[in-house]
Amino acid sequence: MPAITVRVNGLEVTKEVGARTLLSTFIREEMKLTGTHVGCDTSQCGACVVTINGKTVKSCATFAWEADGADIGTIEGLGDAENMHPMQEAFREHHGLQCGFCTPGMVMTAVNLVENNPDIDEDGIKHGLEGNICRCTGYQNIIDAVKTGAKAMRG
Amino acid sequence: MSTFVARNGIGESQRRVEDFRFLTGKGQYIDDVNLENQAYAMVLRSPEAHADIKSIDASEALALDGVLLVVTGEDWKAAGYGTIPTKSGVRKFKDGSDLKEPPHHAIAIDRVRYVGQPVALVVAESLDACRDALELIEVDYDSLPSVTHQSEAIKDGAPQIWDDIPNNICLDFELGDEEAQKKAFEDADQIITLELVNNRVTATPIEPRGAVADYDAETGKFTLWNASQNIHANRDTIADAVLKIGKENLHHIAPDVGGGFGGKNGVYQEPILILHAAREIKRPVKWINDRAESFLSDTHGRDQVSTVQLALDNDGTFRGLRTETVGNLGAFCGTVGPFTPTGGSSRTQGGPFRFDAIYYTAIAPFTNTCPLDPYRGAGRPEGSYQMDRIIDYAAAKLGMDPIELRRKNLIPESDLPMKSPMGLDIDCGNFPAVFEKTIEISDRAGFAKRKEASEAKGLKRGFGVCMYLECTGGGPKEEAKVVFRDDGKVELSVGTASTGMGHETVFAQLLAGHLGIDMDDIEFHQSDTDATDIGGGHGGSRGLEVGGSAVTQTSREIIEVGKKIAAHRFDVGADQVEFEEGRFHVPGTNHTMTISDAIDSQNDPDSLPDDLEPGCMNISTVFERGIISIPNGGHACEVEVDPDTGTIKVDGYWVVDDFGTIVNKMLADGQVMGGIAQGLGQALMENIVYDESGQLVTGSLMDYALPRADDMPRMVIDYYEDAPTQKNLLGVKGAGEAGCVGAPPAIVNAVCDALKEFGVHHIDMPLTPERVWRAIQDAKAEG
Ligand code: FES
Ligand code: FES
C-alpha cells in the first residue's frame with residue numbers, strides 16, 4: 001500500500017492508504033475524526049464536506065491518495081466546545097441544527113463561503129449551500145446563522 | 001458556566017446543550033460506535049419484486065479470505081426464530097374478523113416479496129471483504145408476477161403476494177355513521193367529488209440506519225446500539241418475540257440519532273440479523289446501511305389513493321364528508337403499518353370544520369413493495385390534505401371564495417369542548433381566531449400588488465391556505481427519573497428518543513426551571529433500556545406532552561419530599577413549607593433552605609424525618625396521558641408559477657399554530673420549519689416510484705429529490721397561546737408533526753389558485769414542473 005503525507009487540521013501525518021480508500025474513510029477511520037459524516041453514496045448530501053488546501057470538497061467522492069501532500073481541514077479543526085468558531089456559535093445561536101448530522105458539512109461549507117465572499121447575501125448563501133442537504137431544519141435558521149457567522153467573521 | 005431558567009422553565013428559548021457536541025464533530029452517531037475486534041456485516045438484498053428462492057449457494061463467498069459467516073433463510077428456519085409482529089392499533093376487519101398478518105421474518109424464507117428484502121447477511125473482517133462476498137453468493141430465483149399499486153393489488157386475479165390472503169387485503173376499516181353521512185348528502189345542495197393521490201415518500205434522515213451488536217457468551221447477554229427511535233418497545237419485540245432470548249438479556253441503546261421522522265421507529269430486520277451473527281461468531285458485528293439501501297429498505301410513508309366527497313349547501317354550509325381510501329402497506333405489515341391508512345387517517349377527518357356527519361372507510365392491501373410505516377404525521381397529513389384540497393376544489397367548482405368557505409364552516413370556540421364526528425376529544429382551541437391571525441400575518445392586503453408584479457413578468461401568483469387539525473399519538477406512558485449524585489451532578493433519565501428535537505435541552509430546562517437548579521449540572525440520558533424501566537421513545541409529537549409531563553411530575557414529587565426535609569429541619573408541618581425558585585421557606589418566618597441544601601441532606605439519616613429513607617429525593621415517576629391532544633393551526637402560502645415551464649417558486653409562508661403552551665419557542669419554530677420543508681418536499685418534488693416490474697426507480701438522492709436551501713421560502717411562524725390543554729401537566733399539544741400536516745395542502749392550494757385562470761383545479765403531488773406544465777396544456781386543450 002502506498003503512503004500519503006497530509007496535514008490534518010495542521011497536524012502532519014504519514015499513513016498507508018488502500019487504492020480504494022475514500023478520503024472520508026481515511027478521515028473517519030484512520031484519523032478517528034468522526035465529525036465528518038457520510039450520508040449518501042452519490043455525492044449529493046454534503047455531510048462529508050472538508051477542505052483541501054482551503055477549498056471545500058466532498059470527502060466521500062475523493063480518494064485518500066488524491067489528498068497526498070495537501071492541507072485537510074475538518075470540523076474538529078474549527079473550534080472546540082469551549083472555544084467555538086464564530087460560525088459554530090452562530091449555528092447554535094440561531095438553532096441552525098437539529099439532529100446535527102448534516103451540521104459539520106454545513107458549517108465547513110458556510111465558513112468557506114464566507115471566506116470567499118465576506119459580504120455574501122441571502123441568495124448567495126442559499127445558492128452556496130446547494131450541495132448540502134439538511135432534512136431537519138428547513139434551512140431558514142441555517143441561512144440566518146450563516147449571515148450572523150459572516151458578520152462575526154468580518155469582525 | 002451556569003444557566004438558570006425561570007418560570008418553571010416555560011417560555012425560554014434556551015439554546016441547546018447538545019449543540020456543543022454536534023457543532024464540534026463530537027456527536028456519537030451509530031457509525032461512530034466501534035467495538036474492539038468487531039466484524040462487519042452487509043446485506044444481500046433481493047433484486048426481484050416477487051420470486052421463489054430455488055437455492056442459495058454461499059460456498060464461494062464463504063471460501064473468500066476474511067469472510068466469517070453467511071446467514072440465509074435456511075439458518076433462520078433451523079434456529080426457529082419468531083416473526084416480527086405488527087403492533088397496529090386496528091386489528092379487526094369491519095366484519096370483526098382478524099387482520100391478516102403474514103409471517104414477517106428478519107430474512108427472506110423461500111420467497112422474496114419486494115426489491116430490497118434481505119436475502120442473506122454476510123459477515124467478514126472488513127467491508128471490502130463483505131462487498132466481494134456479496135458478489136459471490138449465487139441465488140437462484142424463480143420470478144413470479146408482481147403488483148406494486150394498491151388499486152391493482154385488490155383486483156380479482158391480481159398477483160397474490162400471500163397465497164392465503166384473498167385480493168391481498170390485510171385489513172379494511174370504517175369510522176363514522178354512514179347512514180348519517182348519506183342522509184347529510186341527500187339533504188345537501190351540492191356534492192363535490194375529488195380523487196386524490198397522497199404520494200409515496202420516504203423519511204430520508206441524512207444519517208442512514210445502522211447498528212452494532214455485541215454478545216457476551218459468559219453471561220448470555222446481548223447489547224445492541226441501534227439508530228432507532230423506539231428503544232424499549234423494539235427491545236421487547238426483538239428479544240421476546242423474535243430471538244426468544246428474554247428481554248432482560250438485551251441491552252438496547254440508541255446513540256445520537258441523525259434524524260428519524262418516523263423512519264427509524266419500527267423494528268427492522270438487519271439489527272436482528274447482526275444480533276444472531278454476533279452470537280454465532282462470538283464477536284461484535286457492525287452494520288451500516290448505505291443510501292441506496294436506505295431507499296430500498298427504510299419503510300416508506302403515505303401512498304394512499306382516496307375519493308373524497310364534500311356535501312355542502314349553496315350558501316357554503318358544510319353538511320357531510322365521505323372519504324374512501326386505499327392505502328398501500330407494502331409486502332408485510334410494518335410495526336404499525338396497517339394502522340396508518342385505517343385508524344390513523346380517520347381520526348382527524350373533517351379537520352376543524354363543522355359537519356353533520358362524516359364517514360371514513362379504507363382498504364389496506366399488500367403489494368410487492370417495501371413495507372410502509374409511519375412517516376412524520378402518519379395519517380394526519382393525509383386527512384388534512386383531503387379536507388383542505390376538497391374545500392378549494394369545491395370553491396373553484398362552485399365559484400366560491402375558499403377563504404370565506406373556511407371562515408363560514410370553522411367550529412366556533414363556543415362549541416368547545418366537543419367530540420368530533422370521528423370521536424376526537426377536542427377540548428380547547430379557537431379555530432376562527434387562529435384562522436384570522438393566519439390571514440392577517442400573511443399580508444393579504446398586499447397580494448393584489450404582488451400578483452400584478454408577477455403578472456408583469458409573465459408569472460402566475462397564487463395564494464393558498466390550510467386549517468389543519470391533528471392529534472398526538474405514540475406511547476401514552478413515560479418515565480422520568482432523577483438521581484442527585486454526590487459530585488453535585490443531577491442525572492435526568494427519560495424514556496423518550498430525540499432524533500434532533502432537543503430533548504437534552506428542553507427536559508433539562510424544565511427540570512432546572514421547576515427545581516431552581518443550574519441547568520449545566522444536569523446530565524441527560526435517554527434511549528437506553530438501562531436508564532429507564534419503561535420508555536415510549538419517539539412518535540406522535542409526544543416528547544413534551546408525555547415526556548415533559550413526566551419530568552414535571554417527577555419535579556413536583558421531588559419538591560414534596562424536599563418540603564418534608566425542610567419541615568423536619570424547621571420543626572414545622574410539611575404543609576407550612578412553600579417552595580419558590582429553588583428555596584423552601586416557611587412564610588412568616590425567616591426559615592429558608594435551598595434545594596441544594598435539601599439534596600445534600602437527603603443521604604444523612606439525621607436530617608430526615610422518620611418516614612423518609614436516605615436517597616429519598618432520587619425519584620422516578622411515570623406519567624400517563626389519558627387523552628391525546630389536538631394541535632391545530634393555519635398555514636398560508638404564496639407561490640409564483642411560470643406557466644411556460646411549470647416551475648414553482650414558493651414565495652411566502654405564514655403559520656399560526658396552537659400548540660398550547662410554548663415551552664421553548666426556538667425549538668418549536670424549528671420543528672415547524674423542518675416540518676414545512678418536508679411537506680414542501682412532498683408537495684413539489686418527493687416521490688417514490690416503482691416501475692411495472694417492481695423495481696425501485698427512485699433509488700438515490702439523484703432520483704429522489706429533497707428540498708434544498710434554494711427551494712425554501714422565508715417562513716413566518718406565530719402561535720396562538722390562549723388555549724393550553726388540561727390533558728397534560730404542561731398544557732402542551734405537540735409540535736413535531738404539524739408542519740408537514742399543513743404544508744402540502746397549503747402549497748397545492750396556492751398553485752391551483754395561481755392556475756385557476758387556465759381551468760386547472762387539481763394536480764396530484766408532487767407538483768413537478770412537468771406535471772404542472774402538462775396540467776396547463778391539458779386544460780388549454782379542453783378549452
Ligand atoms: S456523503 Fe459525501 S455527499 Fe453525501
Ligand atoms: S440537522 Fe439533521 S440533517 Fe440537518
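So that the names make sense, note that chain A is the first sequence line, chain B the second, and so on, each numbered from 1.
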Among [options], which has the most heavy-atom pairs under 4.5 Å with chain A?
options: Asp128(B), Thr499(B), Asn34(B); result: Asp128(B)
options: Gly670(B), Gly259(B), Gly27(B); result: Gly670(B)
options: Glu18(B), Met702(B), Lys26(B); result: Met702(B)
options: Asp710(B), Asp31(B), Leu706(B), Asp32(B); result: Asp32(B)

Main chain of [Y], side chain of [X]: is a donor-acceptor contact present, judged purely on distance under 3.5 Å?
X: Arg16(B); Y: Gln98(A); answer: yes
X: Glu207(B); Y: Phe101(A); answer: no
X: Tyr139(A); Y: Gly674(B); answer: no

(message) For the NZ atom on Lys649(B), are there more than 12 heavy atoms of other groups (residues, nucleotides or ligands in this structure) within a distance under 6.0 Å?
(response) no
(message) Within the supplied structure, the quantity of interest is the number of heavy atoms (other residues, nucleotides, ligands) at a distance under 6.0 Å from Asp119(A) CG; does it exceed 12?
(response) yes
Give me the contact list for [range] versus chain B, heavy atoms only, anything under 4.5 Å, ordered by residue number.
range: residues 2-14 of chain A; value: none
range: residues 20-32 of chain A; value: Arg20(A), Arg28(A)
range: residues 67-78 of chain A; value: Ile75(A), Glu76(A)

Name the region of [X], side chain, backbone, both or neither, that has any atom closer than 4.5 Å to a heavy atom of chain A.
X: Leu667(B); answer: both
X: Gln671(B); answer: both
X: Met501(B); answer: neither
X: Asp256(B); answer: neither

Please determine, among [options], the option with the most heavy-atom pairs under 4.5 Å with chain B.
options: Leu129(A), Ile143(A), Thr42(A); answer: Thr42(A)
options: His127(A), Glu93(A), Glu130(A); answer: Glu93(A)
options: Thr103(A), Ile125(A), Asp80(A), Asp41(A); answer: Asp41(A)

(request) Return the set of residues passing side-chain hydrogen bond (donor to acceptor under 3.5 Å, both in side chains) with Asn141(A) (not counting sequence neighbours), or none when no residue passes. (result) none
Side chains of [X] and [Y]: closer than 4.5 Å at any heavy-atom pair?
X: Cys136(A); Y: Phe261(B); value: yes
X: Gln44(A); Y: Arg708(B); value: yes
X: Phe20(B); Y: Met84(A); value: yes
X: Arg714(B); Y: Asp144(A); value: yes
X: Ile206(B); Y: Cys134(A); value: no

What's the shortest heavy-atom distance between [X] and [Y], and which atoms?
X: Thr34(A); Y: Gln28(B); result: OG1-NE2, 4.5 Å
X: Ala81(A); Y: Thr24(B); result: N-CG2, 3.7 Å
X: Cys99(A); Y: Gly258(B); result: SG-C, 3.4 Å

(message) Quick check for you: to the nearest 0.5 Å, what is the distance between Gln140(A) atom CD and Met715(B) atom CE?
(response) 4.5 Å
(request) Apply the test salt bridge (Lys or Arg N to Asp or Glu O under 4.0 Å) to residues Glu686(B) and Arg135(A): give CA-CA distance (whole Å), side-chain angles for both, the deciding distance (0.1 Å), then the verdict. (result) CA-CA 13 Å; Glu686(B) 294 180 37; Arg135(A) 189 56 158 163; 2.7 Å; yes
